[in-house]
2 protein chains.
Amino acid sequence: MKKVKRTTIYDIAAKLGITASSVSRALNNSSQVNEKTRELIIKTADELNYKRNTLASNLRKGHSKTIGVVVPRINQNFFSNVIAGIEETTYQKGYNLIICQSGEVHDKEIQCVNTLINQHVDCIVISVSADSYDYQHLQNVLDHGIQLIQFDRVAEELETLKVINDNEQASFEAVSHLIENGYKRIALLEGPQNLNIFRQRKNGYLRALETHKVKVIDELVVENAWTKELGAEATRKLLNLPHPPDAIFASTSDFSALGVLEVANIMNIKVPSELGICGYSNEAFTEITSPSITTIDQFSVYMGKTIGNLFFQEIASIEVSVKPKIISIKPELIIRGSTAKKG
Amino acid sequence: MKKVKRTTIYDIAAKLGITASSVSRALNNSSQVNEKTRELIIKTADELNYKRNTLASNLRKGHSKTIGVVVPRINQNFFSNVIAGIEETTYQKGYNLIICQSGEVHDKEIQCVNTLINQHVDCIVISVSADSYDYQHLQNVLDHGIQLIQFDRVAEELETLKVINDNEQASFEAVSHLIENGYKRIALLEGPQNLNIFRQRKNGYLRALETHKVKVIDELVVENAWTKELGAEATRKLLNLPHPPDAIFASTSDFSALGVLEVANIMNIKVPSELGICGYSNEAFTEITSPSITTIDQFSVYMGKTIGNLFFQEIASIEVSVKPKIISIKPELIIRGSTAKKG
DNA sequence: ATAAAAATTGCAATCGATTGCGTAAAATAT
DNA sequence: ATATTTTACGCAATCGATTGCAATTTTTAT
């Protein structure tokens, strides 16, 4: 690439025989510049193909008009949707997004956060990685006076803004739905319990059983069945039990539920009559499996928009909000073919 | 948020009774600073919780170590995968990504590009939106001395770095596969022809027909069947023709192919025996429909990595590469159940 | 012990835009 | 025509880090 000397406000000023101050003011719609000179300046800026150097501007102004986002994986449906939502609301207010992925690795997450602090972003939006064990780096964000918004997977002990799903309630409704449809032995595929979202989903499961006076059976609760493969593996074990379950709630993801469905097909176990299946996330494919999979929609794009709006609302309020604000979005149970049994 | 005065190199210098120059040098691993003072400086920086102000640093250095990415939609599988790939290769070299989505709207695309120029990004990576009609804004990027890498959907007339898929060849292979499997009347669902990728896919289709001496039937070529709904609509029309097709190549996307499959199911037309279906993109769901859908994998994450590597390769080369470099990735035909007919 | 070379550190300008304060010019009032 | 208020613009400092060059100190060579 050839090095191009980009035109600055000084170039414009020189050409017009005025000061950079005036140019700056004209370009910022300051009222203390004559309308005629403003027009002239804008015209000249245009001719010279001037583009403001945002770095210099931000340095002087003390902020970056930039929001940092840290997610485990950019190319995971839920996260890319949330990001799209954030982008939509923030872009129109002149903010840019810097995106990092932690790859579910704690150390990289720390790195990402530090990079963003270095960038002097105005806000960091984060969903912590699965193996996060402490939150010093997040505290650090706060210490630097940077707004912090946690979403979905949050460190509950940190008093920050949070946008979450009501996982507990969603799980409760899903499992209640299974019970009401006649399923009696409902297994749970659970995720890493260090993540709050998975704890909440388990709690919802337990509460639903309790509410409907269904006994909890320990051997029907399987840890860490996060992926399709792990979901499949767990299902094989469950269905080979002396008393196999008649429904499986894959609280980790729809991928896990897909694994369940495939194993059921292979083992020639009929869904939904012999086995009910419920996933989590409302991935696109859940609609088109046969039978289609009952799941839970998290309104991910909406969640992103909520995050963006929350940020603006927060910087607009002069007063520091004393208590941490938590916005909880209620997910929706999408009932489909995989849970159609009526006992 | 409380305003926090962040510690600068001057604070460190003051505390140690030295100059900011030395602090800067120490923090940048310059060889011209005594090892002892460096240690002292680093220790003090740590105590004071110092974080370099990247804005100031970049302003001085004249670059931003930032790459701007513009895509139609962040939350579209292909794009989020490419972005993930870019992020992976660039992050480890200390580069950050600023992501924008054009929403398939030309004007917003221009806005995005301008914002990125303002940000003084070192490189802009873009896949143009469907309704782009001119490329002045891309020329503008070049004029500002910013590296420009186009991918997937590219403006061919612009001499820039490009990373593309060999859409023509992939389509050729897909359609050849259909012909070899005994399908005789193959319909094409095509995308907006102002996008080169869709033109190429059509060319591949035509070339395959020609190569195998199959006559092109105009009424079997349907414009603009991009989404699932449009794919379904097109299929209804096609299958109600006096001479309906016996295969449909949904060159636009797998979503379109899904629409085809659903309509076929509704109309009780057997796939693959009565109707062959081939999609494009290898979306996750193509594997789990019944029958599973033959499609084309674009190696999207790999494509992203290629883009990142290309950028570094380019800045490493001192000489300006004269001719525009084009990297073409060969997609792979994934043969599945939806095209299993043997005539 | 002295000269020369090398290693450290400081000084001051620079990157480009912004902004408080001061002054000249224009507009209005007396 | 003179005094007063507005308006428009310039001056210079500032944001924080970097870096060429000069000055000083330390090390090595003679």
Under 30°, 30 to 60°, or over 60°: which ring-plane class applies to B:Phe151 and B:Phe78, parallel, tilted or perpendicular?
tilted
Please say whether the positively charged group of A:Lys108, taken as NZ for Lys or CZ for Arg, lies over the ring of B:Tyr91, i.e. under 6.0 angstrom from the six-membered ring centre and within 45 degrees of the axis.
yes
NA contact type, A:Ile18, heavy-atom cut-off 4.0 Å: base, sugar-phosphate, or nothing?
sugar-phosphate
Grab the two heavy atoms, one from A:Glu88 and one from B:Gln101, that are nearest each other, plus how far apart they are.
N-NE2, 4.3 Å
Quick check: on DNA chain D, is the nucleotide nearest B:Leu59 upstream (toward 5') of the one nearest B:Ser21, or the reverse? Name the residue that is more 5'.
B:Leu59
So A:Ser30, base contact, sugar-phosphate only, or nothing? Heavy-atom distance under 4.0 Å.
nothing
So what's the dot-bracket for DNA chain C: Watson-Crick or G-U pairs under 3.5 Å, [ ] if a pair crosses, | if it pairs off-strand?
||||||||||||||||||||||||||||||
Reckon A:Arg52 touches a base, only the sugar-phosphate, or nothing at all at heavy-atom distances under 4.0 Å?
sugar-phosphate
Would A:Glu47 and A:Lys43 count as a salt bridge (charged side-chain N to carboxylate O under 4.0 Å, His left out) if you check the C-alpha gap in whole Å, the side-chain angles of each, and the deciding distance to 0.1 Å?
CA-CA 6 Å; A:Glu47 283 169 15; A:Lys43 186 165 144 282; 3.5 Å; yes
Below 4.0 angstrom, which residues in residues 37-51 of chain A have at least one non-hydrogen atom near DNA chain C?
A:Tyr50
Interface limits on DNA chain D, where chain A has a heavy atom under 4.0 Å of a nucleotide atom
D:dA8 to D:dG16
Verdict with reasoning, A:Glu35 to A:Arg38, per salt bridge (charged side-chain N to carboxylate O under 4.0 Å, His left out):
CA-CA 5 Å; A:Glu35 202 45 47; A:Arg38 152 174 295 119; 3.0 Å; yes
Remember a base hit wins even if backbone is also touched, and classify B:Asn28 as base, sugar-phosphate or nothing at under 4.0 Å, heavy atoms.
sugar-phosphate
A:Leu310 and side chain to side chain contact (heavy atoms under 4.5 Å, CB included): which partner among A:Thr89, A:Ile149, A:Ile315, A:Val125?
A:Ile149
Evaluation steps, side chain to side chain donor-acceptor pair (under 3.5 Å), between A:Asn118 and A:Asn114:
CA-CA 6 Å; A:Asn118 286 357; A:Asn114 282 336; over 6 Å; no
Geometric class of the A:Phe312/A:Tyr95 ring pair [parallel <30°, tilted 30-60°, perpendicular >60°]:
perpendicular
Below 3.5 Å, does any donor atom in the side chain of A:Ser24 face an acceptor in the base of C:dT19, or the other way round?
no
